[in-house]
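Read the structure below first, then the notes.
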Amino acid sequence: MYIEAIILGVIIGMARNGRISNFFEVRFKGWGLSVLAFLLFLVPYGVKAFGIGFESVELFPFAAMVVIAVIALLNFEKTGMKIILLGLGLNLLIMGLNGFQMPIDTLKMTDLGFHSFVESLSSGEVVNYTSLEGAHTLSTYLGKVIELPKAYPLAKVLSVGDLLISLGIAILIQYEMLLSSLKSRGSMVQFSYNSKIR
């Protein structure tokens with residue numbers, strides 16, 4: 001869903017005369033922390049690949065999301081970032097209430113054809129997800145329970161937090177694309193005005 005949000009943000013930004021190159025020029029505070037988040041997310045896969053005995057590996061994906069939330073908080077003033085932070089907060093909340101794992105509706109995942117994922121989840125191979133059955137009561141509302149239509153090419157089951165994060169990403173990208181363009185136009189207007197005075 002995040003990929004679609006990025007594409008949607010770019011399309012809206014371009015439709016509003018923004019430029020994708022302008023977005024890449026935007027400076028985000030604490031952006032280097034994203035590397036740490038990525039490494040934390042990969043830890044469970046590394047532990048499994050090397051056969052290392054390690055308990056509570058589900059803490060690492062959760063910690064990765066916490067780091068991403070910190071990045072969002074550092075850039076709180078940017079348009080769309082508040083929505084992203086809210087979505088991250090909801091996902092972190094429900095994961096915290098379920099042993100640091102995201103509850104997911106396995107029946108809906110099976111309905112969409114993700115049989116291998118459900119089997120891996122049941123066998124305990126998937127560390128950052130847990131079945132909706134037996135999860136905290138709030139999981140019915142905040143877990144991954146929103147099933148996208150089968151006709152959708154990238155159909156999956158999402159949480160309310162996922163939807164908010166995606167919306168925030170789309171808003172952030174298109175706004176920064178447009179904002180940079182407006183700044184450039186403002187500088188040109190000011191330069192032209194000063195030239196006329198001289």
Side-chain angles (χ1 to χ4, degrees), residues 1-16 20 23 34 37-38 40-45 48-49 57-58 60-69 71-72 80-175 177:
M1 191 65 184
Y2 301 147
I3 295 176
E4 297 96 302
I6 293 173
I7 295 174
L8 179 61
V10 171
I11 292 175
I12 296 175
M14 294 181 70
R16 299 183 65 190
I20 185 63
F23 177 77
S34 59
F38 181 68
L40 287 171
F41 184 78
L42 290 179
V43 169
Y45 299 97
K48 181 180 178 182
V57 289
E58 65 275 3
F60 290 96
F62 181 82
M65 192 174 294
V66 170
V67 173
I68 295 173
I71 297 174
M81 200 62 78
K82 296 178 182 64
I83 300 176
I84 293 175
L85 188 59
L86 176 59
L88 286 168
L90 291 177
N91 280 350
L92 286 171
L93 171 63
I94 200 61
M95 289 176 72
L97 293 173
N98 288 283
F100 304 107
Q101 295 175 308
M102 172 60 77
I104 187 168
D105 192 324
T106 53
L107 294 178
K108 291 181 179 178
M109 287 292 285
T110 301
D111 185 53
L112 289 174
F114 292 97
H115 303 284
S116 59
F117 172 84
V118 175
E119 291 176 0
S120 297
L121 180 64
S122 300
S123 63
E125 295 181 21
V126 181
V127 299
N128 55 327
Y129 286 98
T130 185
S131 176
L132 189 64
E133 296 180 10
H136 191 278
T137 307
L138 286 177
S139 301
T140 306
Y141 308 100
L142 299 181
K144 287 184 179 289
V145 296
I146 303 172
E147 181 181 355
L148 295 180
K150 291 182 180 179
Y152 185 66
L154 300 175
K156 60 187 70 175
V157 182
L158 304 173
S159 67
V160 173
D162 292 335
L163 293 177
L164 288 173
I165 294 170
S166 299
L167 176 61
I169 290 174
I171 292 175
L172 173 68
I173 291 176
Q174 65 88 27
Y175 184 80
M177 287 172 63

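Residue numbers count from 1 along this sequence.
Between Asn91 and Met65 the shortest side-chain heavy-atom distance falls below 4.5 Å. A heavy-atom distance below 4.5 Å is not found between the side chains of Val57 and Val43. Under the 4.5 Å side-chain criterion, counting only non-hydrogen atoms from C-beta, Glu4 is in contact with Leu154. Counting only heavy atoms from C-beta outward, the side chains of Leu40 and Pro61 never approach each other to under 4.5 Å. At least one side-chain heavy atom of Ile68 sits under 4.5 Å from a side-chain heavy atom of Leu88. At least one side-chain heavy atom of Val160 sits under 4.5 Å from a side-chain heavy atom of Ile146.
Considering CD1 of Ile84 and CG of Leu167, their distance stands at 9.0 Å, rounded to 0.5 Å. Here Leu90 contributes atom CG and Leu138 contributes atom CG; the two are 10.0 Å apart, rounded to the nearest 0.5 Å. Leu92 contributes atom CG, which lies 11.5 Å from atom CG of Leu142 (distance to the nearest 0.5 angstrom). Note that the CZ atom of Phe117 and the OG1 atom of Thr106 stand 9.0 Å from one another [nearest 0.5 Å]. Lys144 NZ to Lys108 NZ: the interatomic distance, rounded to the nearest 0.5 Å, is 12.5 Å. Between atom CD1 of residue Ile20 and atom CD1 of residue Ile6 there is a gap of 9.0 Å, rounded to the nearest 0.5 Å.
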Worksheet item: Step by step, would you call Ile11 with Met14 a side chain to side chain contact (heavy atoms under 4.5 Å, CB included)?
Response: CA-CA 5 Å; Ile11 292 175; Met14 294 181 70; over 6 Å; no
Item to complete: Might you work through the side chain to side chain contact (heavy atoms under 4.5 Å, CB included) test for Leu158 and Leu148, ending with a clear yes or no?
Response: CA-CA 8 Å; Leu158 304 173; Leu148 295 180; 3.9 Å; yes
Item to complete: Decide yes or no on side chain to side chain contact (heavy atoms under 4.5 Å, CB included) for Leu132 and Ile104, but give the supporting numbers first.
Response: CA-CA 5 Å; Leu132 189 64; Ile104 187 168; over 6 Å; no
Practice prompt. Test Ser159 against Val145 for side chain to side chain contact (heavy atoms under 4.5 Å, CB included), laying out the working first.
Written response: CA-CA 6 Å; Ser159 67; Val145 296; over 6 Å; no
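Within 6.0 Å of the CZ atom in Phe41, the count of heavy atoms belonging to other residues, nucleotides or ligands does not exceed 12. Sparse packing is recorded around CZ of Phe38, with 12 or fewer heavy atoms of other residues, nucleotides or ligands lying under 6.0 Å away.
Formation of a donor-acceptor pair under 3.5 Å by the Asn128 side chain with backbone atoms of Phe62 is not found in this model. In this structure, Ser139 contributes its side chain and Ala135 its backbone to no donor-acceptor pair below 3.5 Å. Using modelled atom types, one side-chain atom of Gln101 and one backbone atom of Val127 make a donor-acceptor pair closer than 3.5 Å. Asp111 places no side-chain N or O within donor-acceptor distance of the main-chain N or O of Leu107, the cut-off being under 3.5 Å.
Closest heavy-atom contact between Ala72 and Leu85: CB-CD1, 3.9 Å. Scanning both residues, Met177 and Val10, for their nearest heavy atoms gives CE-O, 3.7 Å. Between Leu164 and Gly87 the shortest heavy-atom distance is CB-CA, 3.8 Å. Across all non-hydrogen atoms, the minimal contact from Ile94 to Gly143 is CG1-N, 4.2 Å.
Taking the salt bridge (Lys or Arg N to Asp or Glu O under 4.0 Å) definition, one finds that Asp105 meets it with nothing, sequence neighbours left out.
For Tyr152 and Glu147, the side-chain atoms include no donor-acceptor pair closer than 3.5 Å.
Remark: Lys156 does not engage Asp162 in a salt bridge, criterion side-chain N to carboxylate O under 4.0 Å.
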